[in-house]
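One structure is given below, encoded as C-alpha cells.
Since the model is a prediction, treat every value here as computed from it, not as a measurement.
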Amino acid sequence: MSDVLILAGSNNKNLELAKKFYDELSNNNISSKIIDMTELEFPLYTARAEAGGLPKNLAEQVEAFDKAKGFVFAVPEYNGGVPPVVPNTLAWISRGSKDWRKCFNHKPAAIAAFSGGGGTHALMALRIQLSYIGLNVLGRQV
C-alpha cells in the first residue's frame with residue numbers, strides 16, 4: 001500500500017514532475033507510488049464501454065485509490081483544459097468500485113502542472129472536478 005498516489009497525466013514532463021514528488025516524499029519517509037495514467041490504457045468511458053465489461057486492471061487501480069491516504073496530480077494543459085486521460089481514469093475508478101466515494105472522500109490532493117501555457121486553466125478545472133468527487137484539494141498549486 002502507498003500512502004500517496006502520484007498520478008501523471010502525461011508520459012513526458014508531467015511524469016518527470018511526478019518523479020520529483022516521489023523523490024521528495026521518499027526523502028520525508030512517506031510511501032508513494034506513481035501511476036502513469038497513459039499506461040493504464042482504459043478505453044474511453046461510456047455506458048456502452050462499461051456494458052462490454054470492466055477493464056482487466058481496473059480492480060487493482062480501484063484498490064490502490066481506496067487505500068491511498070492522499071494524492072498528487074501532475075497534469076499538462078490541453079487546449080485550456082485537463083487532458084482526457086484524467087477524467088477518463090476517474091470515471092472508470094468511480095464505476096469500478098462498489099462505494100467509489102471511499103476512494104476519494106476527505107482525502108487530500110495536491111495539484112501540479114508542467115505545461116507550455118503555464119497550466120493554470122487545467123489546474124482550475126482539475127480543482128473543481130477533484131473537489132466535486134470529494135477530495136480536499138490543497139489551496140496552493142505547483
Considering only distance and modelled atom types, tabulate donor-acceptor pairs under 3.5 Å from the side chains of residues 135-142, sequence neighbours left out.
| residue | atom | partner | partner atom | Å |
| --- | --- | --- | --- | --- |
| Asn136 | ND2 | His106 | O | 3.4 |
| Gln141 | OE1 | Arg127 | NH2 | 3.0 |

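- Between Val62 and Cys103, the closest side-chain pair of non-hydrogen atoms falls below 4.5 Å.
- Without hydrogens or angle criteria, Ser115 side chain to Glu77 main chain gives a donor-acceptor distance under 3.5 Å.
- Side-chain atoms of Lys107 come within 3.5 Å of backbone atoms of Ala68 as a donor-acceptor pair (strictly under, hydrogens ignored).
- Residue-environment remark: CG (Asn27) exceeds the threshold of 12 foreign heavy atoms within 6.0 Å.
- Taking the salt bridge (charged side-chain N to carboxylate O under 4.0 Å, His left out) definition, one finds that Asp23 meets it with nothing, sequence neighbours left out.
- Sequence neighbours left out, the pairs with a member in residues 48-61 that pass side chain to side chain donor-acceptor pair (under 3.5 Å) are Tyr45-Glu50, Glu50-Arg95.
- Residues Asp36 and Thr38 have side chains that bring a donor and an acceptor to within less than 3.5 angstrom of each other.
- In this structure, the salt bridge (charged side-chain N to carboxylate O under 4.0 Å, His left out) partners of Glu63, at least two apart in sequence or on a different chain, are Lys67.
- In terms of modelled atom types and a separation under 3.5 Å, the side chain of Ser97 and the main chain of Ser94 share no donor-acceptor contact.
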Which pairs of donor and acceptor atoms, one on a side chain in residues 14-22, lie under 3.5 Å apart (sequence neighbours left out)?
| residue | atom | partner | partner atom | Å |
| --- | --- | --- | --- | --- |
| Asn14 | OD1 | Val75 | N | 3.4 |
| Asn14 | OD1 | Phe114 | N | 2.9 |
| Asn14 | ND2 | Phe114 | O | 2.9 |

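- Here Ala49 pairs with Thr46, Trp92 under the side-chain contact (heavy atoms from CB on, under 4.5 Å) rule; sequence neighbours left out.
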